[in-house]
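Hydrogens, waters and symmetry mates are skipped; everything else that's a heavy atom, side chains included, is used.
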Amino acid sequence: MKEYPKFRYGLTVLAAIFIALSSQAQDSESPEQRDFYLFMSGKVSAQTKKQFYPVESFDGKRLILDGHKRTLKPTKNLNCSLSPLMVISPYYGEIRDLEYSFDSNAEKFRTMMVINEMNAEQMRFEAGNEFEKAVANMDRQGDIVPFTQQDIDNIELDELTKDQKENELLKAGLNKLIDSIYVRCTLVPERSIENAFATAVIRIAAMGNSGDRISFVRIAPIGDLHAGIGKTIKFESSFPELRAGNADIDLFLFDGDGKHIATNRSRGLQKLTPEELEEFRNLDKRAKAKKAD
């Protein structure tokens with residue numbers, strides 16, 4: 001067998017490749033009219049209750065799972081898994097201008113609660129001052145007592161102190177504590193695709209765990225894509241809050257039937273020549289024959 005520059009394959013891996021190939025080569029065009037791409041993708045599963053079920057397809061709103069009777073809505077915190085798989089596919093799309101940022105919604109909520117409590121305390125303090133001044137005015141039988149310079153200085157100091165504390169709270173920890181990711185990119189497919197969805201693999205270097213990298217897998221609905229036309233995609237995914245040193249993301253694309261879509265960001269991407277594709281097909285036949293023996 002010819003050895004390709006980027007990979008060496010064992011028979012087990014070849015069998016996985018050709019399962020994907022045979023399931024995706026059903027098209028009105030003949031193989032000679034199509035380009036085929038070899039790349040790293042994966043088998044996606046979604047968790048319902050305590051069990052993971054392979055994702056079979058996506059109807060634009062809900063996931064159809066293999067072995068599970070009920071469909072499942074892809075929420076931003078749906079727990080998923082992805083088993084790496086080398087595949088061959090005639091589908092390709094460009095991922096352009098990928099941007100993502102991490103944040104902590106839980107930390108924002110805690111900060112807002114603290115700021116609200118500070119505001120409430122400030123209001124109670126100001127109300128107490130006003131009450132004392134009102135009592136003093138009554139004791140003086142209605143004489144008007146204007147604010148002294150000291151009163152004005154105290155109010156300004158209180159406001160300054162409150163602003164400083166708010167700024168410190170907003171800055172503290174938000175660059176370390178994360179529990180969500182916001183993703184934005186533009187997708188430009190070579191062919192029109194119905195009910196597309198993405199699987200995001202989020203890898204995080206967690207602080208305090210000896211530099212361990214923690215991975216989360218989430219599914220994001222995309223919808224229909226039209227050949228050659230860019231579509232801006234935005235989605236948010238969430239995960240348990242943790243302290244992170246750094247983080248990154250990989251995106252895997254699928255159509256509504258669960259077929260793999262190669263992208264310019266696919267790992268190990270290689271466009272196959274007709275001769276290479278034929279050689280893979282022959283190996284597929286030999287692998288299946290050996291399995292049948």
Do [X] side-chain atoms and [Y] backbone N/O form a donor-acceptor pair below 3.5 Å?
X	Y	value
Lys231	Ile222	yes
Arg218	Ser238	yes
Ser89	Ala262	no
Asp255	Glu194	no

**Request:** Could I get the full list of side-chain contact (heavy atoms from CB on, under 4.5 Å) partners for Glu190, not counting sequence neighbours?
**Result:**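 Here the qualifying residues are Tyr37, Tyr92.
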
Among residues at least two apart in sequence or on other chains, which ones pass side-chain contact (heavy atoms from CB on, under 4.5 Å) with Ser192?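 Applying side-chain contact (heavy atoms from CB on, under 4.5 Å) to Ser192 gives His226, Ala227.
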
To the nearest 0.5 Å, how far apart are [atom1] in [X] and [atom2] in [Y]?
X	Y	atom1	atom2	result
Lys259	Ser57	NZ	OG	11.5 Å
Leu85	Ser83	CG	OG	8.5 Å
Thr186	Glu99	OG1	CD	9.0 Å
Lys69	Thr48	NZ	OG1	13.5 Å
Phe216	Asp179	CZ	CG	10.0 Å
Leu98	Ile233	CG	CD1	11.5 Å

If two hydrophobic side chains count as joined below 4.5 Å and joins carry through other members, does [X] share a cluster with [Y]?
X	Y	result
Ile181	Val217	no
Phe235	Leu63	no
Met40	Leu38	yes
Leu187	Ile193	yes

For Phe254 and Val55, what are the C-alpha separation, side-chain angles and deciding distance, and is it a side chain to side chain contact (heavy atoms under 4.5 Å, CB included)? CA-CA 11 Å; Phe254 304 86; Val55 175; over 6 Å; no

Does the side chain of [X] reach to within under 4.5 Å of the side chain of [Y], using non-hydrogen atoms?
X	Y	result
Asp248	Tyr100	yes
Leu251	Arg265	no
Tyr53	Ser45	no
Val44	Phe252	no
Arg191	Tyr91	yes

Between [X] and [Y], what is the shortest heavy-atom contact and its length?
X	Y	answer
Ser41	Leu82	O-CD2, 4.2 Å
Ile95	Asn264	N-OD1, 2.6 Å
Pro221	Pro74	CG-CG, 3.6 Å
Phe239	Ile178	CE1-O, 3.8 Å
Leu78	Leu72	CD1-CD2, 3.8 Å
Asn195	Asp224	N-OD1, 2.9 Å

Of Val183, Ile204, Val201, the one forming a side-chain contact (heavy atoms from CB on, under 4.5 Å) with Ile249 is Val183

Show the numbers, then the answer: is there a side chain to side chain contact (heavy atoms under 4.5 Å, CB included) between Lys61 and Thr71? CA-CA 10 Å; Lys61 293 183 178 180; Thr71 58; over 6 Å; no

Would the number of heavy atoms belonging to other residues, nucleotides or ligands and lying under 6.0 Å from [atom1] of [X] be above 12?
X	atom1	value
Arg184	CZ	no
Glu56	CD	yes
Arg62	CZ	yes

